[in-house]
Amino acid sequence: MAVIAAFVLNAGLNFVLGLLIAKLLGPADFGRFALATAGTLVITTVLFEWLRLSATRFYSVRVRLDEPWIRHGLDRAYAILAALLLSAAAIAGGLGLGDGPDGHAAILSGAMLAALGIGVFDYHAALARARFDGKLYFGLVAVKNVLAFAMMAAAAWYLRQPAWVLAAAGLSQLLAVLILRHPLRDPVTTVEHHRRRETWTLFLRYGLPLIAANAVYQLLPFLNRGTIAAQAGFAEAGYFALAADVTARSLTMLGTALDLLLFQLAVRVEELHGRAAAERQVAANAATVFALLLPCAVGFWAVLPALEALVVPEAYRGPFALYALLLIPGLFCLAMMFFAINPVFQIRRRTLPVIAAAAAGLAVNGLGLLVLPPLLGGAGVALAQTLALGAAFAWLAVRALTGRDRLVLPWSEILSASAACGAMALALTPLRHLDPPLALGLAVPLGAGLYAALVWIFDIAGLRSQVAGRVRSTHPLAAE
């Protein structure tokens with residue numbers, strides 16, 4: 001529960017922080033910030049993601065004690081890459097001194113510093129989750145969020161340059177790890193240097209296909225925001241970026257929180273009961289993810305008009321709702337791919353199919369950018385991204401769900417969740433046209449209550465059974 005609470009805290013504050021920075025910087029500078037942020041995520045993915053994924057797959061409480069060379073290999077690789085990235089950031093900053101903080105070199109330097117902080121923080125957060133140390137993970141996330149909110153908001157308010165906000169983002173995450181460095185350490189053991197090459201080879205074989213695919217998915221918004229900026233200016237790119245960021249966080253917040261727990265659970269099941277049991281756990285996890293993410297997508301669609309009127313800064317209204325509406329289906333497909341389909345390939349340690357899916361999505365996105373923007377303008381770019389993510393999801397789902405080693409999903413649970421979401425959508429549709437405060441006040445409790453009632457009555461995806469089991473384990477005397 002501490003992991004879920006930490007992620008809700010993180011996502012909630014990031015949501016508010018994103019809106020605040022958008023308001024303080026204004027559409028044009030926020031467009032530059034968003035474009036640099038997309039680049040930051042690409043840098044983080046390419047340099048560090050293979051190591052973070054390896055930490056979630058190969059590090060555990062048992063490994064921490066019995067196979068210390070795993071942590072040694074991870075730490076050494078992170079140290080080398082961090083030193084290289086910090087050097088590159090310093091060089092970019094030095095080259096950009098003459099152009100000032102609004103120059104391209106300064107923004108690149110800030111993006112590199114942000115990537116460094118994100119990479120180091122995400123690695124240590126992954127270690128805490130793999131150890132199932134909820135208290136440490138919550139503390140790490142809480143400290144990071146307090147520092148990030150204060151430092152990034154202050155940079156946006158006083159310095160009003162994207163480069164400084166990016167640098168503040170990286171520094172805040174590094175400081176959080178530094179503050180909690182002692183509980184994050186493993187017991188001191190002798191470093192076995194001869195195992196380093198073997199360990200790094202293991203990490204590369206497992207992680208490279210995954211980071212190649214993730215880099216493509218990070219590249220898509222970077223290309224699409226760049227396309228809008230080139231065709232319609234940075235202000236229009238800012239409109240697109242805010243809609244994409246808010247929609248993505250609304251649809252992936254819960255999915256990421258679930259993945260933090262469910263994938264580690266599948267890894268633990270494999271350690272205890274073998275690969276076949278782990279794949280059955282992955283299938284059950286996929287049904288759970290679908291049953292909880294689909295109502296998030298439907299609910300976001302239902303409250304979108306009210307959300308735009310009440311929360312979104314005035315300068316972004318109008319384009320925000322249009323872009324968000326077009327992006328919802330694609331971002332839902334992306335979330336399902338990451339949190340429901342990818343894990344089966346990760347458990348099998350056969351991660352090459354994810355590259356083919358990403359390549360298919362990139363090809364569809366490129367074709368969409370050639371055809372759709374001349375016809376639809378910025379909306380064509382959003383539609384191209386949605387079609388690309390849908391194509392990638394379809395490709396990977398076919399690979400996972402067909403053939404001799406296909407994943408057997410509980411289709412009855414998936415169909416039940418779809419029917420319940422359909423009922424929720426029908427109930428909420430009339431509320432979209434009400435006055436925004438009334439619409440938001442009615443839609444959230446009505447939608448959540450209706451879907452929860454259907455889940456409880458029909459035990460969709462076994463969620464009622466899981467909740468009842470946890471209550472019994474928490475209060476054994478009352479259960480007796």
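- Considering only heavy atoms from C-beta on, V246 comes within 4.5 Å of F320 through its side chain.
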Show me, pair by pair, the donor-acceptor contacts under 3.5 angstrom made by side chains of residues 386-396, not counting sequence neighbours?
| residue | atom | partner | partner atom | Å |
| --- | --- | --- | --- | --- |
| T386 | OG1 | L326 | O | 2.5 |
| T386 | OG1 | A382 | O | 3.4 |

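- Using a 4.5 Å heavy-atom threshold, the side chains of V267 and R57 count as touching.
- Between R225 and A34, the shortest heavy-atom contact is NH1-O, 3.0 Å.
- Heavy atoms only, all atoms of each residue included: A115 and I43 are closest at CB-CG2, 3.6 Å.
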Stepwise side-chain contact (heavy atoms from CB on, under 4.5 Å) check, L35 with F222: CA-CA 6 Å; L35 193 61; F222 182 75; 4.1 Å; yes
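- For residues 38-56, the set of pairs meeting the salt bridge (Lys or Arg N to Asp or Glu O under 4.0 Å) definition, not counting sequence neighbours, comprises E49-R52.
- Applying the salt bridge (Lys or Arg N to Asp or Glu O under 4.0 Å) criterion to D29, with sequence neighbours excluded, gives R32.
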Pair Y323-V381, side-chain contact (heavy atoms from CB on, under 4.5 Å): steps then yes or no: CA-CA 9 Å; Y323 284 135; V381 177; over 6 Å; no
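- Applying the side chain to side chain donor-acceptor pair (under 3.5 Å) test to pairs two or more places apart or on separate chains, those with a residue in residues 177-187 are Y59-D186, R64-D186, R71-D186, H182-R185.
- Within the structure, side chain to side chain donor-acceptor pair (under 3.5 Å) contacts touching residues 145-154 (residues at least two apart or in different chains) are N10-N145.
- Counting heavy atoms from C-beta outward, Y123 and V177 have side chains that stay 4.5 Å or more apart.
- Distance alone, capped at 3.5 Å, places no donor-acceptor pair between the T351 side chain and the F345 backbone.
- By the salt bridge (Lys or Arg N to Asp or Glu O under 4.0 Å) test, R348 pairs with E279, sequence neighbours left out.
- In this structure the side chain of F263 reaches within 4.5 angstrom of the side chain of I347, judged on heavy atoms.
- Ring pair F58/Y206 is perpendicular by interplanar angle, where above 60° counts as perpendicular and below 30° as parallel.
- Side-chain atoms of R129 do not come within 3.5 Å of backbone N or O of Y137 as any donor-acceptor pair.
- Checking T199 against H72 by side-chain atom types alone, no donor-acceptor pair falls below 3.5 Å.
- The distance from atom CG of N342 to atom CG of D259, rounded to the nearest 0.5 Å, is 9.0 Å.
- Each of N365, L369, L334 was compared with Q385 under the side-chain contact (heavy atoms from CB on, under 4.5 Å) criterion, and only N365 meets it.
- One distance of note links CD1 of I80 with CG of D75; it measures 11.0 Å at 0.5 Å rounding.
- Residues P221 and L41 have side chains not in contact (no heavy-atom distance under 4.5 Å, counting atoms from C-beta outward).
- Among residues two or more places apart in sequence or in another chain, the side chain to side chain donor-acceptor pair (under 3.5 Å) test is passed with Y217 by none.
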Pair F121-V141, side-chain contact (heavy atoms from CB on, under 4.5 Å): steps then yes or no: CA-CA 9 Å; F121 176 85; V141 171; 4.2 Å; yes
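- Residues L81 and W50 are in side-chain contact: their nearest non-hydrogen atoms beyond the backbone lie under 4.5 Å apart.
- Atom CZ of R275 has more than 12 neighbouring heavy atoms from other residues, nucleotides or ligands inside a 6.0 Å radius.
- Taking a 6.0 Å sphere around CZ of R249, one finds it holds more than 12 heavy atoms contributed by other residues, nucleotides or ligands.
- In terms of the side chain to side chain donor-acceptor pair (under 3.5 Å) criterion, R280 has no residue partners (sequence neighbours excluded).
- Every side chain to side chain donor-acceptor pair (under 3.5 Å) that R195 has, sequence neighbours left out, goes to E192.
- Counting heavy atoms from C-beta on, the side chains of F30 and Y239 never come closer than 4.5 Å.
- Taking R268 as the reference, nothing meets the salt bridge (Lys or Arg N to Asp or Glu O under 4.0 Å) condition, with sequence neighbours excluded.
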L113 and L166: CA distance, side-chain angles, deciding distance, side-chain contact (heavy atoms from CB on, under 4.5 Å) verdict: CA-CA 7 Å; L113 290 175; L166 290 163; over 6 Å; no
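- Shown here are the salt bridge (Lys or Arg N to Asp or Glu O under 4.0 Å) partners of E67, two or more places apart in sequence or in another chain: R62.
- Scored by the side chain to side chain donor-acceptor pair (under 3.5 Å) test, R350 finds no partners at all (sequence neighbours excluded).
- Within the model, atoms CZ of F48 and CG of D122 stand 10.0 Å from one another, a figure rounded to the nearest 0.5 Å.
- In this structure the side chain of I228 never reaches within 4.5 angstrom of the side chain of N224, judged on heavy atoms.
- The main-chain N or O of L262 is found under 3.5 Å from a side-chain atom of N285 such that the two form a donor-acceptor pair.
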